[in-house]
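We name chains A, B, ... by the order of the sequence lines, and we start the count at 1 in each one. Computed from a prediction, not measured in an experiment: that's the story for all the values here.
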There are 4 protein chains.
Amino acid sequence: MGRINIRSIRRQQIVHAAEELAAQRGWAETTIADICKKADISVGGLTHHFKDKDDIMFAVLEDVIHRLHDRLVASVSKEEAQQNPGAFLHAFCQSIESDRSLYRLILHFASSSIHRPDIKQRLKAFFASLHQRDEAQCQEQEKRKDKPYIRSQAMADLLQCVGLGLILGYAFLDLQTPAEQMEVEAAKLLLPYIQYQSASSPQS
Amino acid sequence: MGRINIRSIRRQQIVHAAEELAAQRGWAETTIADICKKADISVGGLTHHFKDKDDIMFAVLEDVIHRLHDRLVASVSKEEAQQNPGAFLHAFCQSIESDRSLYRLILHFASSSIHRPDIKQRLKAFFASLHQRDEAQCQEQEKRKDKPYIRSQAMADLLQCVGLGLILGYAFLDLQTPAEQMEVEAAKLLLPYIQYQSASSPQS
Amino acid sequence: MGRINIRSIRRQQIVHAAEELAAQRGWAETTIADICKKADISVGGLTHHFKDKDDIMFAVLEDVIHRLHDRLVASVSKEEAQQNPGAFLHAFCQSIESDRSLYRLILHFASSSIHRPDIKQRLKAFFASLHQRDEAQCQEQEKRKDKPYIRSQAMADLLQCVGLGLILGYAFLDLQTPAEQMEVEAAKLLLPYIQYQSASSPQS
Amino acid sequence: MGRINIRSIRRQQIVHAAEELAAQRGWAETTIADICKKADISVGGLTHHFKDKDDIMFAVLEDVIHRLHDRLVASVSKEEAQQNPGAFLHAFCQSIESDRSLYRLILHFASSSIHRPDIKQRLKAFFASLHQRDEAQCQEQEKRKDKPYIRSQAMADLLQCVGLGLILGYAFLDLQTPAEQMEVEAAKLLLPYIQYQSASSPQS
DNA sequence: AATGAATGAGACTTCATTCAT
DNA sequence: CATGAATGAAGTCTCATTCAT
């Protein structure tokens, strides 16, 4: 077990170094030597833990997804989510400001997705899981209120786009609007839309 | 004049080839040799027209911005815009489906912005110009209706994020929702929000 | 004849431009495009006058030799030279300060001589001609005075080295000693040596 | 320690190969591939030890200066120098014949100095250090003999020029005069001048 | 004679990967 | 496990030269 710990500690060192560098300069501009220097490990040492540069990249991707999951899903308990439809939005807006480097990495991977089907697949799978969870929550919520749950694909897509847009906005445009204010504003935009939808769409 | 035409024709050839390749594989994965092959020109010939690989990239960026401008701004006449607040949205959604490679390039440049201040500056300047135009239109429109025009910074940022989100969604997630449907849905989301804002915020 | 003049004027333009650039940056660092720009001529135009980059270089070499000849030989009339053994030294020291770029070019060609036998041959031939002329003058002078003229090869070589050294010193070390002072100093060094030689070496 | 040795051994291999080639063909005509072939190392291996082609060049420059220092300074013990003013001249003339490639490199660097201030600075610093040492020796020597030491700047410059001239003469003109003979001749030229100077210039 | 666009060989440099120690 | 020297492929860029107009 000590072994395993050392292994995973080393891996973490490397992944963190890679993340930091990639968020600053981009992945293509980050060399293995850079990562080694920052992680304080030799080139050969790195090779023991990661077969490839790609191997590191996927580890970074997993870590990014994991961190995003923690922020958006794990931090919002089921009960909260059910009682307050804005809880997710709150968690999202909180994270958006406190962890810009995370969103830079997401933007980076999203861009890479264009020519890397493997990355695309992984990312889409994650977003799909978010979406499913969201849907499940809605259904449960609506069930409780005895209202039929209906959410069209277009609606789901649109909501996802809005989420991505906020990420892109903060990662790329460096929006100065503070997260709390943005949260209020986004609530004004989204809540009526969501409620209007569930109320008015008996058939989609 | 023949000379000038030849110059610009060649430049166009090269820029188009570069765009096509970059939209497919990404810029870093596109070699100068690839561009030359696709543009049917020799390496040295390319050098005559572009100093650098970067020089090509900026030409591509300008072309992308130009195309986006045409789609979003030029195609919506002033009159239309004033009479129909959804005209812009319409133009946007139209373009989103017909020209995915354009949005891939934008996603690419957005991602590059993270570590290339020069690209970031150019892109932000363009988005700011879009935003200004939008604001001007709103003011004019509201003036006519004798209603005070108020749009908070947060609102403007949010709307810009939504736009970026749609781009990112289509460029990266390959959304299958057809553009017309998405337009309808986006209208449901945005129009109430916009009108609510202008109605309810006498002072921001 | 007009034709010939135009030709030679163009050639001069080009050679002068090439000299200026080579004296500043060195020959290898001077591109044909640079020369064209400075000579205000197109690449193709240059080709009409010079077959090669080498062709230009040899034209420069000839011009340099010509200028040096003018300074060292032509400017010292035969009579002067015979009456005053320091006349040559004077001409030399004069030129050394007034035309440093000339000496830079000589240093450049001297250095190139190492790997370019053709340049070496041309330069050595010129220096040999200088040497011969010097010797002839000495003989004539000595004959008049009824003293046997003897100058060993070693002596000739040494004197040539001193000359080269002054060139190198000014071209490379940027000596600050004014030419007049250097002339005085060199006279103190050389004149006794020359006279001592001719007096004391009845047989070499 | 093994590591360090390997590093410096490899560096030496590379520097020596570079020197040999540069002395033959000139630096600009020496490609990195050539150096690699001669040093029996791969391109990437070379990069490990030298960042740049320039980096190699400066290592060569340092080596050249080091070798020159050894020949001219280290080989002449202080005692010798003080007792025999010709010792330095002797060392110099000895070296001039036995190590022509060294002088070719010096000529090369001198020529490069024209357009490379960094090289110029390094070389001038070395020659200045030679000059200082020379001056210090003279002062000590003269002190012992109770004669005032006076050496004008012009005199120092002239002597340095003579030294450079001998280098240039052998490096460039391929003088055939054997070193011993040249030494005798140079002594005839210089010794009277030096002694005359120190005797006759109570105030300069 | 003149123009300058086009060519393509070749140089420099970077870097992911391998491997002996 | 770890080190870092070594490899060599691949990419970018420069530039002398050619050639159609």
Side-chain angles (χ1 to χ4, degrees), chain A residues 2-3 6-7 10 28-37 40-57, chain B residues 2-7 9-11 14 28-36 39-56, chain C residues 2-3 6-7 10 28-37 40-57, chain D residues 2-7 9-11 14 28-36 39-56:
Chain A
R3 275 293 149 77
I6 283 186
R7 274 201 82 90
R10 275 271 190 260
E29 288 72 23
T30 299
T31 72
I32 287 188
D34 291 335
I35 298 173
C36 290
K37 207 181 299 169
D40 198 35
I41 198 176
S42 71
V43 186
L46 187 143
T47 305
H48 274 274
H49 296 285
F50 296 95
K51 173 166 95 29
D52 244 7
K53 204 191 173 190
D54 257 38
D55 202 14
I56 306 174
M57 196 191 64
Chain B
R3 276 289 148 74
I4 288 176
N5 266 344
I6 282 186
R7 276 203 84 91
I9 285 174
R10 275 274 188 262
R11 280 184 70 97
I14 295 167
E29 288 72 23
T30 299
T31 72
I32 288 187
D34 292 334
I35 298 173
C36 289
D40 198 36
I41 198 176
S42 70
V43 186
L46 188 143
T47 303
H48 247 271
H49 298 283
F50 296 95
K51 174 166 102 11
D52 245 6
K53 203 189 172 191
D54 255 40
D55 203 15
I56 306 174
Chain C
R3 276 290 149 78
I6 283 186
R7 275 203 81 92
R10 276 272 191 257
E29 288 72 24
T30 299
T31 72
I32 288 187
D34 290 335
I35 298 173
C36 289
K37 207 181 297 169
D40 199 34
I41 198 177
S42 69
V43 186
L46 186 142
T47 305
H48 273 274
H49 297 285
F50 296 95
K51 173 167 93 34
D52 244 6
K53 203 190 174 190
D54 258 38
D55 202 14
I56 305 174
M57 195 190 64
Chain D
R3 276 289 147 74
I4 288 176
N5 265 343
I6 283 188
R7 274 203 86 90
I9 286 174
R10 276 275 188 260
R11 279 183 71 95
I14 294 167
E29 288 72 24
T30 299
T31 72
I32 286 187
D34 292 336
I35 298 173
C36 289
D40 197 36
I41 198 176
S42 70
V43 186
L46 187 143
T47 303
H48 246 271
H49 299 283
F50 296 95
K51 173 167 101 9
D52 243 7
K53 203 189 174 193
D54 255 40
D55 202 16
I56 305 174

Practice problem: Would you mind reading off the distance between C/K51 atom NZ and F/dC19 atom P, rounded to a whole angstrom? | Solution: 15 Å
Self-check item: Distance, nearest 0.5 Å, that separates CD1 of C/I35 from OG1 of C/T30
Solution: 6.0 Å
Exercise. Grab the CD1-P distance between B/I32 and F/dT14 for me, whole Å please.
Key: 10 Å
Quiz item: Taking NZ from C/K37 and P from E/dT3, how many angstroms apart are they, rounded to a whole number?
Solution: 15 Å
Quiz item: Between atom CD1 in D/I56 and atom P in E/dA11, what is the gap in whole Å?
Solution: 14 Å
Practice problem: Report the distance from atom CZ of B/F50 to atom C1' of F/dT12, rounded to the nearest whole Å. | Solution: 16 Å
Quiz item: Which atom pair, heavy atoms only, marks the closest approach of A/R10 to A/I41?
Solution: CD-CD1, 3.5 Å
Exercise. Can you figure out which of E/dA1, E/dA5, F/dT17 approaches the side chain of C/K53 most closely?
Key: F/dT17
Self-check item: Qualifying side-chain hydrogen bond (donor to acceptor under 3.5 Å, both in side chains) pairs, either residue in residues 42-53 of chain C, two or more places apart
Solution: none
Exercise. Output the residues of residues 39-46 of chain D in contact with DNA chain E, where contact means a heavy atom of the residue under 4.0 Å from an atom of the strand; sort by number or write none.
Key: D/V43, D/G44
Quiz item: Which atom names give the shortest non-hydrogen contact between B/D55 and B/F50, and what distance separates them?
Solution: OD2-CA, 3.5 Å
Quiz prompt | Given F/dT12, E/dT14, E/dA16, the nucleotide with the shortest approach to the side chain of D/T47 | solution = E/dT14
Quiz item: Rounded to whole angstrom units, what separation is found between the CG atom of D/D54 and the C1' atom of E/dA11?
Solution: 14 Å
Exercise. Compare the minimum distances between each of E/dC12, F/dG11, F/dA5 and the side chain of D/H49, then state the nucleotide with the smallest one.
Key: F/dA5
Practice problem: For D/T30 and for A/A33, find the nucleotide of DNA chain E with the closest heavy atom, then tell me which residue's nucleotide is more 5'. | Solution: D/T30
Quiz item: Between atom CD1 in C/I35 and atom P in F/dT17, what is the gap in whole Å?
Solution: 11 Å
Quiz prompt | Gap between atom CG of B/L46 and atom CD1 of B/I14 - 0.5 Å precision | solution = 4.5 Å
Quiz item: Looking only at side-chain N and O atoms, does A/R10 come under 4.0 Å of OP1 or OP2 in F/dA2?
Solution: yes
Quiz item: Taking a pair as Watson-Crick (N1 to N3 plus N6-O4 or O6-N4) or G-U wobble (N1-O2 and O6-N3), both under 3.5 Å, which stems of 3 or more consecutive pairs involve DNA chain F?
Solution: E:2-21 with F:2-21
Quiz item: Expressed in angstrom and rounded to an integer, what is the separation of B/R7 atom CZ from E/dG4 atom P?
Solution: 10 Å
Quiz item: Are any of A/H48's side-chain N or O atoms less than 4.0 Å away from OP1 or OP2 of F/dA2?
Solution: no
